[in-house]
Engineer: 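Quick one: the structure is below, questions incoming.
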Amino acid sequence: MLYYFFNGITNTQQYIAIAFVSAFVVCFILLKLKLPFLPKDKGREFAVNGEVSKGKIRGTGLVMISTFVLCSVFLIPATKELIFYNILIFLEMLSGYLDDASDTPWSDYKKGFIDFIVCVVISIVFVYNNPTTIMILDYKIYIHPILYIALSTILFWVGINVTNCSDGVDGLCGSLSTITLLSISLIFFSQIGNQYTVYSFIMVGILISYLCFNSSPSSQLMGDAGSRPIGLIIVLMILKSSHPISYLLLSAVLLVDGIAGLIKIFLKRFLKIEVLKNIRTPIHDEMRKNHGWSDTQVLVRFCIIQVFISTIQFIICK
């Protein structure tokens, strides 16, 4: 593949730059084509400004994640572990795309079941190929593989859903995911290693190309086909760093934005308990509807908050 061509010619930083630029260019060209088989958004009845999205190209996550997988195949030496990750990320994208393209949205139970299966399998693959020792500050803690699989399955599932919840404001999911992936890659570069740093920067290049079309007023939306597998990738990179607790800070805004809604739905549906009755979820809808923030204010303020929190994580780790 192409990594054999670049091998020995460039240093690590140059190779990361090549991977980033390659992913950006390929994804940008494909998104620019406005592929005719991508569905159109039907609008969301209960979302703030949901009608504004009606008629826009939706499901461009199909292009983004397909580009991500292809670039990783061509630019990163193949290992069984990486092949499995690519397959599972692609399958998560495909389930999201089929939901995006469906005339009738899939039920939460159907999507949740598919997410659960993907999360369990990717957790098993991770544990099979990596140590189950985690770092909390300077302390190493060994976790039994079975317990690690259970905990990482929960983390993957949360990651999928909170990232998906943030995809309701132009540029928000793409921008926050970019900040999170860059923060993980830069803070934990030595732990993640060259291969998965390149893996992360390929996704960053794709996200930035997508933001060219998703900045307000957007013309394209990634849909579940993009947001859900991006959540998988973020958690995978966190686990590769051996600092899973850092997810709380490096994805803090994604978590706060989405977790309240997940808790609210879970308690009401399964325990018949109603909480946060006067707060709209995701939180970005609360800020727009009840606090008068514009879409741009939500995007910029949320990103600023995440940059500051990521800086705190950087200080803690140093």
Engineer: Taking Tyr128 as the starting point, is it possible to reach Val121 by hopping between hydrophobic residues whose side chains are less than 4.5 Å apart?
Structural biologist: no

Engineer: I need the Thr180 OG1 to Leu254 CG distance, nearest 0.5 Å.
Structural biologist: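 Rounded to the nearest 0.5 Å, the OG1-CG separation comes to 5.0 Å.
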
Engineer: Does Asp170 reach the main-chain N or O of Pro217 with its side chain, forming a donor-acceptor pair under 3.5 Å?
Structural biologist: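 Looks like no, no N/O pair under 3.5 Å.
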
Engineer: Would you say CZ of Phe37 has more than 12 non-hydrogen atoms from neighbouring residues, nucleotides or ligands within 6.0 angstrom?
Structural biologist: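 Enclosed: over 12 neighbouring heavy atoms sit under 6.0 Å from CZ of Phe37.
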
Engineer: Is it the case that more than 12 heavy atoms not belonging to Tyr142 sit under 6.0 Å from its OH atom?
Structural biologist: yes

Engineer: Within the distance-only criterion (no hydrogens, no angle test), does the side chain of Gln297 pair as donor or acceptor with the backbone N or O of Ser294 below 3.5 angstrom?
Structural biologist: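 Flag set: sc Gln297 to bb Ser294 pair under 3.5 Å.
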
Engineer: Could you check whether any side-chain heavy atom of Asn130 comes within less than 4.5 Å of a side-chain heavy atom of Leu239, counting everything from C-beta outward?
Structural biologist: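 Counting from C-beta outward, Asn130 and Leu239 never come under 4.5 Å.
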
Engineer: A quick test of your reading: do over 12 heavy atoms of other residues, nucleotides or ligands sit less than 6.0 Å from CZ of Phe84?
Structural biologist: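 Atom CZ in Phe84 is not packed in, count stays at 12 or less.
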
Engineer: Could you tell me whether the side chain of Ser72 and the main chain of Val69 form a donor-acceptor pair under 3.5 Å?
Structural biologist: yes

Engineer: I'd like to know if Glu92 and Lys111 make a salt bridge, using a cut-off of under 4.0 Å between side-chain N and carboxylate O.
Structural biologist: no

Engineer: Look only at the side chain of Gln306 and the backbone of Ala252, and say whether a donor-acceptor pair between them is shorter than 3.5 Å.
Structural biologist: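 Yes; at least one donor-acceptor contact below 3.5 Å.
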
Engineer: With no hydrogens and no angle check, is any side-chain donor or acceptor of Ser175 less than 3.5 Å from a backbone partner on Gly171?
Structural biologist: yes

Engineer: Side chains of Lys110 and Asp99, heavy atoms from C-beta outward: is any pair under 4.5 Å?
Structural biologist: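 The answer is no; the side chains never approach within 4.5 Å.
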
Engineer: So do the side chains of Phe213 and Lys32 get within less than 4.5 Å of each other, counting heavy atoms only?
Structural biologist: yes

Engineer: Using a 4.5 Å cut-off on heavy atoms from C-beta on, say whether the side chain of Val63 contacts that of Tyr210.
Structural biologist: no

Engineer: Are Met64 and Ile233 connected into the same hydrophobic cluster when the rule is that any two of I, L, V, M, F, W, Y join if their side-chain heavy atoms are below 4.5 Å apart?
Structural biologist: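 In one cluster: yes.
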
Engineer: Is it possible for you to say whether Leu211 and Leu62 belong to one hydrophobic cluster, with membership spreading through side-chain heavy-atom contacts below 4.5 Å?
Structural biologist: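 No, because Leu211 and Leu62 fall into different hydrophobic clusters, even though each may have its own neighbours under 4.5 Å.
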
Engineer: For Phe68, run the ring pair (Phe, Tyr, Trp, His ring centres under 6.0 Å) check against Tyr199, Phe74, Phe90 and tell me which one passes.
Structural biologist: Tyr199

Engineer: Just by modelled atom types, is the Ser215 backbone N or O under 3.5 Å from a matching donor or acceptor in the Ser218 side chain?
Structural biologist: no

Engineer: Would you name the heavy atoms of Ala225 and Asp100 that are closest together and state the gap between them?
Structural biologist: N-OD2, 3.1 Å

Engineer: Would you check if there is a donor-acceptor pair between the side chains of Thr197 and Ser185 at a distance under 3.5 Å?
Structural biologist: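 No pair is found: no donor N or O on one side chain lies under 3.5 Å from an acceptor on the other.
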
Engineer: Is there side-chain contact between Met135 and Lys140, with heavy atoms separated by less than 4.5 Å?
Structural biologist: yes

